[in-house]
Amino acid sequence: MRLKDKVAVITGSASGIGKEIAIIFAKEGAKVAIADLNLAGAEATAAEISRDHGEAIGVAMNVMDEGQVNDGIAKAIEKWGRLDILVSNAGIQIVAPVHEYPLDKWKLMLAIHLDGAFLTTKAALNQMYKQPEGGSIIYMGSVHSKEASPLKAPYVAAKHGLIGLCEVVAKEGAKHNVRANVICPGYVHTPLVDKQIPEQAKELGITEEEVVKNVMLRETVDGEFTTVEDVAEAAVFFASFPTKALTGQSLIVSHGWYMQ
Ligand code: NAD
């Protein structure tokens, strides 16, 4: 077991990538707090994990709300006495061209992705700095942390911003044994992507099949979606890495869509 007795908080883990990370973390021996806007979904995921894999709790958390972030992280610490891993994963997507993008939607996108990462990081560091072992912070970036696509201005801006936040946390956290890294997945078939396919087809004036083949997967080496399991495996790698040799990094898991 690569995460035996580690305590993890994973945001946005009632669904998709975050849910799979919670499952694999539990299978690897971690105790996991499923922190999500969708409390019913978080509790259902926690019940599923508790039944099949290990210890889990569901906590209500809107990552944009400082009080809810602090309360949610405090619940995990109260229950298990420490915090070893934060996965800042909650996110949404709203597509539109820049010249039509509504300011309120732009602000919402930046708040979920950047305020959410900042607030959860701040709360986690305040616990991790008290522990001699420190901890591991993992941000869910994207290939869009590295390059752009049309219709996604705030998403691309925010995902690039996570790399900057991660690098600062890696530098500030080092003396407290805190590491910070970013996972950058390609397209993963989750509800977030399912919703985008018809929206992009409409915006671009092409069919849904063309969106998948010619927009989402065109640059991959094999025309395949990345899976939630692929991303979760990268999260275990970052979370379990034993030394500060691996910090301030971003790992692209995208079937070769983006290579660096
Ligand atoms: P998803 O829609 O399946 O899950 C997102 C979860 O986040 C949901 O459970 C939702 O309730 C929760 N959430 C939304 N807003 C929240 C908020 N304000 N506070 C707390 N929780 C909130 O999406 P997913 O595809 O699993 O995406 C997870 C992360 O992975 C996102 O950051 C996304 O940008 C990133 N990502 C996804 C893909 C992809 O192709 N699916 C690719 C690269 C990166």
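Just so we're clear, the structure is a prediction, and the values are computed from it rather than from any experiment. For ligands, and for the atoms within them, numbers begin at 1 and follow the listed sequence.
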Trainee: Applying a strict under-4.5 Å side-chain criterion to I, L, V, M, F, W and Y, I'd like to know whether Leu192 and Val182 cluster together.
Mentor: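 In one cluster with Leu192: Val182, no.
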Trainee: Quick one: does Glu100's side chain have a donor or acceptor within less than 3.5 Å of a partner on Pro97's backbone?
Mentor: no
Trainee: From the options Asp65, Thr226, Leu192, select the one whose nearest heavy atom is closest to atom 27 (O) of ligand 1.
Mentor: Leu192
Trainee: Tell me which protein heavy atom sits closest to atom 5 (C) of ligand 1, plus the residue, atom name and distance to 0.1 Å.
Mentor: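 Protein heavy atom with the smallest distance to atom 5 (C) of ligand 1: Gly91 O, 3.8 Å.
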Trainee: Which residue and atom name correspond to the protein heavy atom nearest atom 40 (O) of ligand 1, and how close is it?
Mentor: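 Result for atom 40 (O) of ligand 1: Val188 N, 2.6 Å.
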Trainee: State whether the side chain of Ser145 and the backbone N or O of Lys159 hold a donor-acceptor pair below 3.5 Å, judged by distance alone.
Mentor: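 The answer is yes, because a donor-acceptor pair under 3.5 Å joins these two groups.
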Trainee: Name the closest protein heavy atom to atom 7 (O) of ligand 1, giving the residue it belongs to and the distance to 0.1 Å.
Mentor: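 Nearest neighbour among protein heavy atoms for atom 7 (O) of ligand 1, to 0.1 Å: Gly12 CA, 3.3 Å.
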Trainee: NZ of Lys195 to CD of Gln93: how many Å apart, nearest 0.5 Å?
Mentor: 7.5 Å
Trainee: In sequence, state the C-alpha distance, the side-chain angles, and the governing distance for Tyr139 and Thr121, and then conclude on side-chain hydrogen bond (donor to acceptor under 3.5 Å, both in side chains).
Mentor: CA-CA 9 Å; Tyr139 298 100; Thr121 299; 2.7 Å; yes
Trainee: Looking at Tyr187, which atoms of ligand 1 are within less than 4.0 Å of one of its heavy atoms?
Mentor: 40 (O)
Trainee: Going by the atom numbers of ligand 1, which of them fall below 4.0 Å from some non-hydrogen atom of Gly141?
Mentor: 43 (C), 44 (C)
Trainee: Taking only heavy atoms of Ser15, which atoms of ligand 1 are found under 4.0 Å from at least one of them?
Mentor: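 Near Ser15, the atoms of ligand 1 are 1 (P), 3 (O), 4 (O), 8 (C), 9 (O).
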Trainee: Checking Asn89 side chain against Gly12 main chain: does a donor-acceptor pair fall under 3.5 Å?
Mentor: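 Flag set: sc Asn89 to bb Gly12 pair under 3.5 Å.
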Trainee: List the closest protein heavy-atom neighbour of atom 15 (N) of ligand 1: residue, atom name, distance to the nearest 0.1 Å.
Mentor: Leu37 CD2, 3.8 Å
Trainee: Kindly confirm or rule out an N or O of Asn62 lying under 3.5 angstrom from an N or O of ligand 1.
Mentor: yes
Trainee: Between ligand 1 and Ile92, is the shortest N or O to N or O distance under 3.5 Å?
Mentor: no
Trainee: For ligand 1, which atoms have a heavy atom of Pro185 less than 4.0 angstrom away?
Mentor: 42 (C), 43 (C), 44 (C)
Trainee: Considering only heavy atoms, does Val193 approach ligand 1 within less than 4.0 Å through its side chain, its backbone, both, or neither?
Mentor: side chain
Trainee: Numbering the atoms of ligand 1 from 1, which are under 4.0 Å from a heavy atom of Gly16?
Mentor: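 Listed by number with element: 3 (O), 26 (O).
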Trainee: I want to know if ligand 1 touches Lys159 in the polar sense, i.e. an N/O pair below 3.5 angstrom.
Mentor: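 N/O-N/O distance under 3.5 Å: yes.
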Trainee: Can you tell me if Lys6 has over 12 outside heavy atoms packed within less than 6.0 Å of its NZ?
Mentor: no
Trainee: Which is closest to atom 20 (C) of ligand 1 in terms of heavy atoms, Gln68, Met64, Gln196, Met61?
Mentor: Met61
Trainee: Can we say Lys122 and Glu66 salt-bridge, meaning some charged N sits less than 4.0 Å from an Asp/Glu carboxylate O?
Mentor: yes
Trainee: Could you tell me, atom by atom, which parts of ligand 1 come under 4.0 Å of a heavy atom of Met140?
Mentor: 29 (C), 30 (O), 35 (C)
Trainee: Which of the atoms of ligand 1 are close to Asn89, meaning less than 4.0 Å from one of its heavy atoms?
Mentor: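 Atoms satisfying the 4.0 Å criterion: 28 (C), 29 (C), 30 (O), 31 (C), 32 (O).
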Trainee: Would you say Ile17 has any N or O atom under 3.5 Å from an N or O of ligand 1, going by distance alone?
Mentor: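 By distance alone, the answer is yes.
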Trainee: Nearest non-hydrogen atom to atom 9 (O) of ligand 1 belongs to which of Asp194, Val63, Asp36, Thr190?
Mentor: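 Among Asp194, Val63, Asp36, Thr190, the closest heavy atom to atom 9 (O) of ligand 1 comes from Asp36.
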Trainee: Does the residue His113 have a heavy-atom contact with ligand 1, meaning some pair of atoms that are separated by less than 4.0 Å?
Mentor: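 The answer is yes: ligand 1 sits under 4.0 Å from a heavy atom of His113.
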Trainee: Where does the angle between the aromatic ring planes of His176 and Tyr129 fall among parallel (under 30°), tilted (30 to 60°) and perpendicular (over 60°)?
Mentor: parallel
Trainee: Please report the interatomic distance CG(Asp230) to OG(Ser254), rounded to the nearest 0.5 Å.
Mentor: 10.5 Å
Trainee: Quick one: sort the Tyr187 and Trp257 rings into parallel, tilted or perpendicular, breaks at 30° and 60°.
Mentor: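 Tyr187 and Trp257: parallel rings.
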Trainee: Could you tell me the separation between the CE atom of Met1 and the CG atom of Leu3, rounded to the nearest 0.5 Å?
Mentor: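 CG of Leu3 is found 10.0 Å from CE of Met1.
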Trainee: Say whether, by atom type as modelled, one donor and one acceptor occur between the side chain of Asn177 and the main chain of Glu133 under 3.5 angstrom.
Mentor: no
Trainee: On a heavy-atom basis, I'd like to know which of Ser142, Gly186, Ser254 is closest to atom 42 (C) of ligand 1.
Mentor: Gly186
Trainee: Taking Arg2 first and then Glu233, would you say they form a salt bridge - that is, a charged N and a carboxylate O separated by under 4.0 Å?
Mentor: yes
Trainee: Tell me the protein heavy atom at minimum distance from atom 33 (C) of ligand 1, and give that distance in Å.
Mentor: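 Its nearest protein heavy-atom neighbour is Tyr155 OH, 3.5 Å.
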Trainee: Report, in ascending order of atom number, the atoms of ligand 1 lying under 4.0 Å from any heavy atom of Pro191.
Mentor: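 Once the distances to Pro191 are compared, the set is 3 (O).
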